[in-house]
Amino acid sequence: MLVSEVMLQQTQAARVADRYPRFLGDFPTVEVLAAATPAAVMAAWQGLGYNRRAFRLQEAARRIATDGWPAGLEGLEALPGVGPYTAAAVACFALGMGVPALDTNARRVLSRWHGRPLSGAALSTAAHQDLPPAAADWNQAVMDLGAAVCTPRQPACDRCPVAAWCTDPSVYEPPRRQGRFEGSLREARGAVIRHLVSQSSATVEEIAERSGLPADRIGGAVDSLRADRMITATGSDAITLPDGGSA
DNA sequence: CTCCGGAGGA
DNA sequence: TCCTCCGGAG
């Protein structure tokens, strides 16, 4: 449950669909995930993007293996990589708690429903007011509606089951656009991680040659990843994924 | 090329 | 509140 929700952060369900069962096959329990090497976790994560999520997920698994599952919403949110949405989704779907799970779909649907852009505390307040006792069903319905009908650009109000009660379908504020991927640090960081998953140890020059990216960009990515503790330096200029020892 | 998508740190 | 983290699909 926690695994699937973290995978679904910033990643469309279609891409999670085939990786989630494989990930659970590799790491069937939190204990197995906690004890795995970061290289193995990264290998299972390959292609999902935002690789820090994988490291944080394993850190969360280690904490759970040691301390047990947090009981409530606040405890869940204190886990690394678990924010307001993921904590609420786990609390509602796995623990049966009556809390709204507010992802980007829910934010858009509720904004249109109420006729004004909602975010932060206002969104939370509105959602709590709208939330019925059957919280899990409501969360599922709102998110599905946003994904399938109440879409960003051209909402299909003609086949929306609740269009009659909606205030203003035109309400939509597009998320801020991200910079180009080509030429970005993200691209180089991704190349470094991808290489280390298959080679386990490498130099900047090797990664540059294999990826086709300039060595100075790979070097910058290595510095950045080291600062994030996502890779470690081993020899004179060799790097690897972290050894698993410390969290 | 554009679009899509939560967490966390500054 | 703003910015950065990835990668695949259309």
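Every heavy atom of this structure was used, including side-chain atoms; hydrogens, water molecules and symmetry mates were not. Chain letters run A, B, ... following the sequence lines, proteins first, then strands; residues in each count from 1.
Rounded to an integer number of Å, the gap from A/Phe55 CZ to C/dC5 C1' is 13 Å.
Members clustered with A/Leu185: none, using a 4.5 Å side-chain heavy-atom cutoff among hydrophobic residues.
No side-chain donor-acceptor contact under 3.5 Å links A/Arg112 and A/Thr167. In the model, A/Gln9 has no side-chain atom that pairs as donor or acceptor with a side-chain atom of A/Tyr85 under 3.5 Å. In this structure, a donor-acceptor pair under 3.5 Å is present between the side chains of A/Thr11 and A/Arg53.
Chain A approaches DNA chain B within less than 4.0 angstrom (heavy atoms of the protein), and the contacting nucleotides run 5' to 3' from B/dC1 to B/dG8.
Note on A/Met7: nothing from the nucleic acid sits closer than 4.0 angstrom, heavy atoms only. Using a 4.0 Å heavy-atom cutoff across all strands shown, A/Tyr50 reaches at least one base atom of the nucleic acid.
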For DNA chain B, just give me the dot-bracket, please: Watson-Crick or G-U, both distances below 3.5 Å, ( ) intra-strand, [ ] crossing earlier pairs, | paired with another strand, . unpaired.
-> ||||||||||
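Contact record, A/Ser201 with A/Thr234: OG-OG1, 4.5 Å, taken as the closest heavy-atom pair. When all heavy atoms of A/Pro84 and A/Glu77 are compared, the pair lying nearest together is CG-OE2, 3.5 Å. Residues A/Asp130 and A/His114 share a closest heavy-atom pair of OD2-NE2, 2.7 Å. For A/Leu145 against A/Cys160, the heavy-atom pair with the smallest separation is CD1-SG, 4.2 Å. Here the closest non-hydrogen pair linking A/Ala87 and A/Leu76 is O-CD1, 3.7 Å. Contact detail for A/Phe23 and A/Ala44: the closest heavy-atom pair is CD1-CB, 3.6 Å.
Residues from residues 171-181 of chain A with heavy atoms under 4.0 angstrom of DNA chain B, sorted by number: A/Tyr172, A/Arg177, A/Gln178, A/Arg180. Near DNA chain C, meaning a heavy atom under 4.0 Å away, there are no residues from residues 103-130 of chain A. Contacts between residues 152-159 of chain A and DNA chain C, counted as heavy-atom distances below 4.0 Å, involve no residue at all. Annotation: proximity of residues 66-82 of chain A to DNA chain B (heavy atom, distance under 4.0 Å) is found for A/Leu79, A/Pro80, A/Gly81, A/Val82, numbered in ascending order. For residues 182-220 of chain A, proximity to DNA chain C is found at A/Leu185, A/Arg186, A/Arg189, A/Gly190, A/Arg194, defined as any non-hydrogen atom under 4.0 angstrom from a strand atom. If you check residues 8-25 of chain A against DNA chain C, the residues with a heavy atom closer than 4.0 Å are A/Gln12, A/Arg15, listed by number.
Annotation: side chain of A/Arg116 is not in contact with side chain of A/Val171 (no heavy-atom distance under 4.5 Å).
In the hydrophobic cluster analysis, where Ile, Leu, Val, Met, Phe, Trp and Tyr join through side-chain heavy atoms closer than 4.5 angstrom, A/Met143 is grouped together with A/Val6.
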Are A/Asp243 and A/Thr37 close enough, and set up right, to give a side chain to side chain contact (heavy atoms under 4.5 Å, CB included), and what steps lead you there?
-> CA-CA 7 Å; A/Asp243 56 25; A/Thr37 66; over 6 Å; no
Derivation of the side chain to side chain contact (heavy atoms under 4.5 Å, CB included) call for A/Leu196 and A/Ile239 = CA-CA 8 Å; A/Leu196 290 178; A/Ile239 53 170; 4.1 Å; yes
Could you go through the side chain to side chain contact (heavy atoms under 4.5 Å, CB included) check for A/Asp228 and A/Arg189 one step at a time?
-> CA-CA 11 Å; A/Asp228 288 344; A/Arg189 285 168 57 108; 2.8 Å; yes
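More than 12 heavy atoms of other residues, nucleotides or ligands shown are found within 6.0 angstrom of CZ on A/Arg22.
With hydrogens and angles disregarded, a donor-acceptor distance shorter than 3.5 Å links the side chain of A/Glu187 to the backbone of A/Gly183. At least one donor-acceptor pair closer than 3.5 Å links the side chain of A/Ser184 to the backbone N or O of A/Phe181. Listed for the A/His128 side chain is a donor-acceptor partner under 3.5 Å among the backbone atoms of A/Ser124. One N or O on the side chain of A/Trp45 and one on the backbone of A/Gly49 form a donor-acceptor pair closer than 3.5 Å.
Sorted by first then second residue, the side-chain hydrogen bond (donor to acceptor under 3.5 Å, both in side chains) pairs that include residues 204-215 of chain A, not counting sequence neighbours, number zero. Sequence neighbours left out, not one pair with a member in residues 149-158 of chain A passes side-chain hydrogen bond (donor to acceptor under 3.5 Å, both in side chains).
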Side chains of residues 100-110 of chain A: which donor-acceptor partners sit under 3.5 Å, not counting sequence neighbours?
{"from": "A/Asp103", "atom 1": "OD1", "to": "A/Asn105", "atom 2": "N", "distance (Å)": "3.2"}
{"from": "A/Asp103", "atom 1": "OD1", "to": "A/Ala106", "atom 2": "N", "distance (Å)": "2.9"}
{"from": "A/Asn105", "atom 1": "OD1", "to": "A/Arg108", "atom 2": "NH2", "distance (Å)": "2.7"}
{"from": "A/Arg107", "atom 1": "NH1", "to": "A/Glu173", "atom 2": "OE2", "distance (Å)": "2.9"}
{"from": "A/Arg108", "atom 1": "NE", "to": "A/Cys150", "atom 2": "O", "distance (Å)": "2.8"}
{"from": "A/Arg108", "atom 1": "NH2", "to": "A/Gly146", "atom 2": "O", "distance (Å)": "2.7"}
{"from": "A/Arg108", "atom 1": "NH2", "to": "A/Cys150", "atom 2": "O", "distance (Å)": "3.2"}

